[in-house]
There are 2 protein chains.
Amino acid sequence: MNKPQHRIQHLRDALEDDIVNGRIAQGERLDEVRLSQRFAVSRTPIREALRQLAATGLVETIPRRGTFVANLGLPEIIEMFEVMAELEGMCGRLGARRIAAEQRTRLLEKLDTCRAAAEAGNSDDYYYENEQFHGVIYELSYNRFLADQAQQLRNRLKPYRRLQLRVPQRMRSSFEEHKAIVDAILGGNEQNAELLLKNHVLIQGERFADLVSMINAAPKHETVAESATA
Amino acid sequence: MNKPQHRIQHLRDALEDDIVNGRIAQGERLDEVRLSQRFAVSRTPIREALRQLAATGLVETIPRRGTFVANLGLPEIIEMFEVMAELEGMCGRLGARRIAAEQRTRLLEKLDTCRAAAEAGNSDDYYYENEQFHGVIYELSYNRFLADQAQQLRNRLKPYRRLQLRVPQRMRSSFEEHKAIVDAILGGNEQNAELLLKNHVLIQGERFADLVSMINAAPKHETVAESATA
DNA sequence: ACGAGTATTCTTGTATACAATTTATAATAA
DNA sequence: TTATTATAAATTGTATACAAGAATACTCGT
């Protein structure tokens, strides 16, 4: 019944989902025995999953004390947006140079689905389509390693990006930016594609800073593990 | 006697060192029981260390078959250098803008030690000082996340960078590039700093051919696990 | 009543035992 | 001899047992 060895992957995904969607609060400790009971497995695979999450930075393991959901401060988040902007900009630049014919139509299709979601005004739908759109951008770089890195970081920033689309105007302006980005890429304008994408992401970082108050309002556990990066 | 909990870290470092320095060939399988005997620990901490290495991409774990030293093909290596160049360029750009007074002297000091090693013609020394130099560059970004990412990727590329410096001329030209980079950063010239660093890292021109020949010359194990990125 | 020091409990880290699957080996048939 | 299948060996994944350290509760003293 159980897939060959996807169990750990499954555990990892489940926990990641819990964290990203806020079901497990920031700073909260992930108890190994409780998790092992919840998933009906022993501690061993739980530990493996936790280590994998720690490797991505989503949780933090303190020796002999446990693993905690990463509790990022505003500076760290800004830093990550800064890097995210660079990576996406790079994808756009490479995409503008390298995009192949069949990908052009795909990009336009994705833009259309974004438009539909934006016009419908459904923030959840737009969020999903937005993810897809950016995923396509990553692929356009034709650099799988870059695409993976970008996707990983994007995932890591999910919780903070999600807050933003709740701001009414953001969805509309986000889509407008998408249009300009697609134009630049299809037009082969590397510099514009890079710049537009950078700003597209950086804006999110800046907006996020404005929304810090919401983070403070969001459920926050006792700040046990305060950002201690190696 | 054993440090609090640095054992896994120690294992990780030891294995990483073995891999990076080629004592364990590419594609070779890392046998858990043999390693546990070698380090006189049980399989459990060995497995943890291997998982951590897998997270960095230095090794690859195939379910139910074992973990193998990552066997990167030329395309993957090129891709990674492309990203490395972007990150380093970003560090340089930010550094040129943000560098503080006390860091200026530190940067110059590092440049001097590089000069010494280059003039002595000692490739191993230069390799070490070169690492230090780039580490300082990363710090100049004043973006810890970026610095960490850059360092991690740099580490990942170590084996291939090491090959490059074996090319006699490379050490000399590398140092010349360092000089220009430092000038740009200290002069606050963001664009130059970025561009120079990018080119410094990027594999292009003759260095591409050099890398190819070096890779072909390197010892390579039975190609069991051929680059399968998730 | 409050604090320091100690004992208890709980949790993580490691070792070992077992199960499941893959790889290697051997034997048989074409 | 070679291919195929069955059997055996070896290796990974998981569970459990045990050890060491940390957190908590408790006792005793002031």
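Letters A, B, ... mirror the listed sequences (proteins, then strands); counts begin at 1.
Atom CD of B:Q37 and atom C1' of D:dA10 are 13 Å apart (whole Å). Distance, A:I46 CD1 to D:dG13 C1': 14 Å, rounded to whole Å. Going from atom CG of B:L35 over to atom P of C:dT14 covers 16 Å, rounded to whole Å. B:F39 has its CZ atom 16 Å from the C1' atom of C:dT14, to the nearest Å. Protein atom CZ of A:R7 is 11 Å distant from nucleotide atom P of C:dT21, rounded to whole Å. The interatomic distance linking A:H10 (NE2) with D:dT14 (P) rounds to 13 Å, in whole Å. If you take CZ of B:R12 and P of C:dG13, they are 16 Å apart, rounded to a whole angstrom. Going from atom CD of A:Q9 over to atom C1' of D:dT14 covers 17 Å, rounded to whole Å.
Looking only at distances, a side-chain donor or acceptor of B:E79 sits under 3.5 Å from a matching main-chain atom of A:F145. Proximity of a side-chain donor or acceptor of A:N122 to a complementary backbone N or O of A:D124 within less than 3.5 Å is detected. Not a single donor-acceptor pair under 3.5 Å links the side chain of B:R156 to the backbone N or O of B:Q151.
Fit an axis to the five pairs at each end of the helix from C:dA1-D:dT30 to C:dA30-D:dT1 and the two axes sit 0° apart, to the nearest 10 degrees.
Residues passing the salt bridge (Lys or Arg N to Asp or Glu O under 4.0 Å) test with B:K158, sequence neighbours excluded: none.
Ring pair A:H200/A:H134 is parallel by interplanar angle, where below 30° counts as parallel and above 60° as perpendicular. Aromatic ring pairs are classed by plane angle as parallel below 30°, tilted from 30° to 60° and perpendicular above 60°; the pair B:H178 and B:F133 is parallel.
At the phosphate of D:dA15, OP1 or OP2 sits under 4.0 Å from a side-chain N or O atom of A:S42.
Side-chain contact check for B:E60 and B:N71: no donor-acceptor pair (N or O, by modelled atom type) lies under 3.5 Å. Checked by atom type, the side-chain pair B:Y138/B:E88 shows a donor-acceptor distance below 3.5 Å.
Around CZ of A:R34, the count of heavy atoms belonging to other residues, nucleotides or ligands within 6.0 Å does not exceed 12.
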What pairs of nitrogen or oxygen atoms, one from the protein and one from nucleotides 10-12 of chain C, lie under 3.5 Å apart?
unit_1, atom_1, unit_2, atom_2, d
C:dT11, O3', A:R29, NH2, 3.0
C:dT12, OP1, A:R29, NE, 3.3
C:dT12, OP1, A:R29, NH2, 3.3
C:dT12, O2, A:R64, NH1, 3.1

